[in-house]
Number of protein chains: 2
Amino acid sequence: MDTVKRTKRFTRIDCNTGCPVEGALEQIAGKWKGLVIYHLMSQTLRFNELSRRVGSVTQRSLTKQLRELEADGIVSRKVFAVVPPRVEYSLTDKGAALAPVIRALHAWGSTHPRT
Amino acid sequence: MDTVKRTKRFTRIDCNTGCPVEGALEQIAGKWKGLVIYHLMSQTLRFNELSRRVGSVTQRSLTKQLRELEADGIVSRKVFAVVPPRVEYSLTDKGAALAPVIRALHAWGSTHPRT
DNA sequence: ATCCATTTGGCCCCTATAGGCAAAAATGTT
DNA sequence: AACATTTTTGCCTATAGGGGCCAAATGGAT
């Protein structure tokens, strides 16, 4: 039934069950996650700094995206017990490891815009 | 207001307006698109072959995903005027150019599974 | 005549995701 | 006492994406 005859024109990637490509996409496919990760690649940022850079995102939505990224271990959230509150977001090692992905995505996106 | 002081720990990528990274993600972030692109990277496939490989996807949904990929110029659809119908899907040049992205995604996804 | 195989489309529903709006908390400043 | 600052949350609504189910089209096989 699943007797697959694979040609090998591209690097062989095992992707049969629980595909790592799918898993990766699920983690970074939020509407603003790309931008967030990109901005955090250059530097640690506070909530409002991030908000200003990303631009048209609602604080509500940004918070959600950050929570998800945090839950997936991509960004780390450091809270300082001061008033007014100071919360710094940065990439974890796992998040920083996304740099090649973001770069590949960027290279492709630049040369192949959406129509 | 936007006087940003950028450190340069990573390759500089301009991502300020209409980020290419975002654009790229929007095009490949469907639930099954990763798998579809992956499978088409190795070879041209007919609808049912694709369906069997992807596994648990509904024909309905697979059709939708393929239509979107086609609309974005990532896959090409070749129909043969025979009965029963024969439709072959393959990657366009634009789609084939995604290989580095898929590989980066795969590399990251393999070493950094979701929890 | 009937059934099978292959691919797609239509209609409706369900859930996930995003956005709007405003409050809450804590404290130094005026 | 009243206010500004920074971040997060609650509640509600709008929109998008994915899935179920079934029909259509067509010629060869039974």
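Just so it is clear, the model here is predicted, and its values are computed rather than measured. Order of the sequence lines sets the chain letters (A, B, ...), proteins ahead of strands, with each chain counted from 1.
Rounded to an integer number of Å, the gap from CG of Leu45(B) to P of dT7(C) is 11 Å. The distance from atom CD of Gln59(B) to atom C1' of dA24(D) is 14 Å, rounded to the nearest whole Å. Between the C1' atom of dT8(C) and the CD atom of Glu70(B) lies a distance of 12 Å, rounded to the nearest Å. For the pair Arg77(A) CZ and dT6(D) P, the computed distance is 17 Å after rounding to whole Å. In this structure, Lys78(B) atom NZ and dT7(C) atom C1' are separated by 17 Å, rounded to whole Å. Remark: P of dT8(C) and CG of Leu69(B) are 13 Å apart, rounded to the nearest angstrom.
Applying the salt bridge (charged side-chain N to carboxylate O under 4.0 Å, His left out) test to Arg67(A) and every residue at least two apart in sequence or in another chain returns Glu70(A). In this view, Glu26(B) and Arg114(A) satisfy the side chain to side chain donor-acceptor pair (under 3.5 Å) rule, not counting sequence neighbours. Taking the side chain to side chain contact (heavy atoms under 4.5 Å, CB included) definition, one finds that Glu49(A) meets it with Leu45(A), Arg46(A), Arg52(A), Arg53(A), sequence neighbours left out. Scanning for ring pair (Phe, Tyr, Trp, His ring centres under 6.0 Å) contacts around Trp32(B) gives an empty result, with sequence neighbours left out.
Proximity of Gln59(B) to Asn48(B): side-chain heavy atoms (C-beta onward) are separated by under 4.5 Å at one or more points.
Nearest-nucleotide positions on DNA chain C place Phe47(B) closer to the 5' end than the other of Phe47(B) and Pro85(A).
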Under 3.5 Å between N/O atoms: give me all the protein pairs with nucleotides 28-30 of chain C, atom names plus distance.
none

For nucleotides 13-19 of chain D, list the nitrogen or oxygen atoms of the protein found under 3.5 Å from its nitrogen or oxygen atoms, one pair per line.
residue	atom	partner	partner atom	Å
dG18(D)	OP1	Lys31(B)	N	2.6
dG18(D)	OP1	Gln65(B)	NE2	3.2
dG18(D)	OP2	Gln65(B)	NE2	2.5
dG18(D)	N7	Lys64(B)	NZ	3.2
dG19(D)	OP2	Trp32(B)	NE1	3.0
dG19(D)	OP2	Ser61(B)	OG	2.7
dG19(D)	O6	Lys64(B)	NZ	3.4

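In this structure, Arg67(A) reaches the dT9(D) phosphate: one of its side-chain N or O atoms is under 4.0 Å from OP1 or OP2. Dashed line: the shortest gap from a side-chain N or O of Asn48(B) to OP1 or OP2 of dT7(C) is under 4.0 Å. For the OP1/OP2 pair of dT7(D) and a distance below 4.0 Å, the side-chain nitrogens and oxygens of Arg86(A) include no atom meeting the criterion.
Atoms OG1 and CZ, from Thr63(A) and Phe47(A) in turn, are 3.5 Å apart once rounded to the nearest 0.5 Å.
Each salt bridge (Lys or Arg N to Asp or Glu O under 4.0 Å) pair with one or both residues in residues 56-65 of chain A, not counting sequence neighbours, would appear here, but there are none. Residue pairs meeting the side-chain hydrogen bond (donor to acceptor under 3.5 Å, both in side chains) criterion with at least one member in residues 75-92 of chain B, sequence neighbours excluded: Ser76(B)-Ser90(B), Arg77(B)-Tyr89(B), Arg86(B)-Glu88(B).
Other members of the cluster containing Phe80(B) are Val82(B), with ILVMFWY side chains joined at under 4.5 Å, either directly or via other members.
Using a 4.0 Å heavy-atom cutoff across all strands shown, Tyr89(B) reaches sugar-phosphate atoms only and no base atom.
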